[in-house]
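Below is one structure, written out as structure tokens; the observations come after it.
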Amino acid sequence: MTVRVRFAPSPTGFLHIGGARTALYNYLFAKHTNGKFILRIEDTDELRSTDESVLAILYGIQWLGLGWDEGPTIDANGSIGTKGEFGPYFQMQRTKIYDEYVQKLLDEGKAYKCFCSTEELAAKREQAQKEHKAPKYDNKCRNLSTEQIKNFENQGIKPVIRFKNDGIGETIFKDIIKGEIRFDNSLLDDFVIVKSSGVPVYNFAVVIDDALMEISHVVRGDDHISNTPRQIMLYKAFGFKIPKFAHIPMILGSDGSRLSKRHGATSVLAYREMGFLPDALVNYLALLGWSTQDSQQIFSHEELVQKFDLYKCSSSAAIFDDKKLLWLNGEYIRAKSLDEFTEIAISWLEDAKLVSKNLTDVDKENLKKIIALEQEKVKYLTDIPGLFDFMLKDEIEYNSEDVEKVLIKNKEISNKILKEMLENIRNLEVFTAEKLEELFRSYAEKNSIKTGQIFHPVRVATSGRTKGPSLFHYLEVLGKEKVVKRLENTLKIYY
RNA sequence: GCCUCCAUAGACUAGUGGUUAGGUCACCGCCCUUUCACGGCGGCAGCGGGGGUUCGAAUCCCCCUGGAGGUACCA
């Protein structure tokens, strides 16, 4: 049996962390088994579905690098196409298909029209709650005569269509992750399968689509567990083959409640904005609910595909921990080759207007030397401008605290040292890290002072702060001219 | 209220009847070091509670507690 799985988001918002992980697990399971990963847009919520959401979701999955085999496609201009033979992959384009199947149920007496008003239903529900009873539809319209139906229709009342649930026995299924789950059918009512607008409801459309698209495994969030018995009833009513189910646990916020805006960013694309590498996010998400016995933490995309095992997923909800994500992000940044990282860094420097667009290869080679000094320090890509600006700007910004601590305190000493070092540097013919280090150390020895007493003031005088790359290396990259100028400037301003 | 799922350190997890309960992040300490990082070494910290079953339970069963999800003409 070839595996066919799908990710079926409803376009009522951006792609969030939970959805991303569901998509990822589907993707990994498909790739691992050499199966197909299908993307289907469940846009039957006429009120909340938007085109922007469709785009945001598509971009989000694309950014994560989860290519899908069938479903909507999107090109550089943002126009939407489609690929795969089982489409269309937008449910609202499939209404004719659903109509057919609804009619079948109606003809076979397995479904019926219900004319009860939402107000009436709401009132009954409230009443049931008051009496501590399960709010269940009372089957009022189950046995309407054709005359009664005609009567309602003549009044212009649009019915919903309900599935007739016999309420006998149990619905049992074996979930790949949760094990056996059973529901008492008598607790379920005659649920709505088509809204009065004529659009099918989620529980109906998924079943038709999953069956027609030959989905072999339904991998989705465990918030869908309670929908599953209804869906199984429909599979049975149509005589469709029932797919395997894998309900993956939810991702929770730091306080253990459902992940929401309260917990900060939940949108995948927001993580891009925050400076995360997609591979780091993917790696983190993979680990949130799945692990290998040897406790491996870092996986390449290929390794993930190779090692991911749907059957070894955790069955309990996991709290999203951005500390660990951040650690992984650092790991991925450090693992980049200098060339790769330079490309990434340049785009962030461009956005921050620290370098111009259309850099020449020579510019890039020079930048590479600068970037090499700080790559290991980057945790968020958004750190990049702040880490490099002192190397790139003509005018440095002085951090007042650092200036106070290193230059102003012991002013006479630092003044003398800076003046003398300025002279020494002016006289230095070969301006390399090695020569600079020699110079600094011999100066310290001659004057019998600690090396730190020179290093620190020079660092602040040439960079404006105490934190930064290895002193001699960045001085070399900066070049003699700039170093001299900065020292002169500092002496002018603070002494 | 009712239904369903879940329960190992602060977080993610390994573990399927006998382990000094293992790993990772975070945190703390030490080392490396001109700063910041990186890296290395070490440490703190856990089986929610109560009953069973068993010679023996983190592991199997029951109850409780706690958490999550559902209970829609939303998905």
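Below, all heavy atoms of this structure are taken into account, side chains as well, without hydrogens, waters or symmetry copies. Here is the naming used below: chain letters follow the sequence lines, and residue numbers restart at 1 for every chain.
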Between A:Y494 and A:S414, a side-chain donor and acceptor under 3.5 Å: no
[X] side chain, from C-beta outward: closest of [options]:
X: A:S196; options: B:rC73, B:rC74, B:rC25; result: B:rC73
X: A:E376; options: B:rC25, B:rC38, B:rC5; result: B:rC38
X: A:D45; options: B:rC73, B:rC3, B:rC74; result: B:rC74
X: A:S10; options: B:rA26, B:rA37, B:rA75; result: B:rA75
X: A:L121; options: B:rC25, B:rA75, B:rC73; result: B:rC73
X: A:M250; options: B:rA75, B:rG69, B:rC73; result: B:rG69

Do the charged groups of [X] and [Y] touch, with an N to O distance under 4.0 Å?
X: A:D389; Y: A:R465; value: yes
X: A:R182; Y: A:E180; value: yes
X: A:E476; Y: A:K369; value: no
X: A:K405; Y: A:E401; value: no
X: A:R40; Y: A:D210; value: yes
X: A:E420; Y: A:K416; value: yes

Closest approach of A:K178 to A:D175 (non-hydrogen atoms, all atoms of both residues): N-OD2, 2.9 Å
Taking the [atom1] atom in each of [N] and [M], what is the distance between them to the nearest angstrom?
N: B:rC62; M: B:rG67; atom1: P; answer: 22 Å
N: B:rG15; M: B:rC73; atom1: C1'; answer: 48 Å
N: B:rG18; M: B:rG43; atom1: C1'; answer: 29 Å
N: B:rA75; M: B:rA68; atom1: P; answer: 25 Å
N: B:rC3; M: B:rA21; atom1: C1'; answer: 36 Å

Side chain A:S257, main chain A:G253, donor-acceptor under 3.5 Å: no
Polar side-chain atom of A:D402 near backbone of A:T466 as donor-acceptor pair, under 3.5 Å: yes
Write out a two-atom table: protein N or O, nucleotide N or O from nucleotides 30-34 of chain B, distance below 3.5 Å.
| from | atom 1 | to | atom 2 | distance (Å) |
| --- | --- | --- | --- | --- |
| B:rU34 | OP1 | A:R441 | NH2 | 3.2 |
| B:rU34 | O2' | A:H456 | NE2 | 3.2 |
| B:rU34 | O2 | A:R459 | NH2 | 2.9 |
| B:rU34 | N3 | A:L471 | N | 3.4 |
| B:rU34 | O4 | A:S470 | OG | 3.1 |

Over all strands shown, is [X] touching base, sugar-phosphate only, or nothing at heavy-atom distances under 4.0 angstrom?
X: A:Q293; answer: sugar-phosphate
X: A:S291; answer: sugar-phosphate
X: A:H247; answer: nothing
X: A:C116; answer: base
X: A:S295; answer: base
X: A:G289; answer: sugar-phosphate
X: A:Q375; answer: nothing
X: A:K379; answer: sugar-phosphate

Base partner of [N], which must satisfy Watson-Crick or wobble distances under 3.5 Å:
N: B:rC55; answer: B:rG18
N: B:rG46; answer: none
N: B:rA7; answer: B:rU65
N: B:rG39; answer: B:rC31
N: B:rC2; answer: B:rG70

Output field: ring centroids A:Y311/A:W290 closer than 6.0 Å: no
is_close_aromatic(A:Y284, A:F320), centroid dist under 6.0 Å: yes
A:W327 vs A:E374, nearer the 5' end of RNA chain B by closest nucleotide: A:W327
Comparing A:F320 and A:R334 on RNA chain B - which has the more 5′ nearest nucleotide: A:F320
What's touching nucleotides 6-8 of chain B from the protein side, N or O pairs under 3.5 Å?
none

Round to the nearest Å and state the distance from [X] atom [atom1] to [N] atom [atom2].
X: A:I298; N: B:rU24; atom1: CD1; atom2: P; result: 11 Å
X: A:I251; N: B:rA11; atom1: CD1; atom2: P; result: 16 Å
X: A:L187; N: B:rG1; atom1: CG; atom2: C1'; result: 12 Å

A:Y112 vs A:D190, side chain to side chain donor-acceptor pair (under 3.5 Å): CA-CA, chis, key distance, verdict: CA-CA 9 Å; A:Y112 61 91; A:D190 285 358; 2.6 Å; yes
Atom pairs, protein N/O to nucleotides 70-72 of chain B N/O, distance under 3.5 Å:
| from | atom 1 | to | atom 2 | distance (Å) |
| --- | --- | --- | --- | --- |
| B:rG70 | OP1 | A:R258 | NH1 | 3.2 |
| B:rG70 | O2' | A:S226 | OG | 2.8 |
| B:rA72 | OP2 | A:R125 | NE | 3.2 |

A:E434 atom CD, neighbour heavy-atom count above 12 within 6.0 Å: no
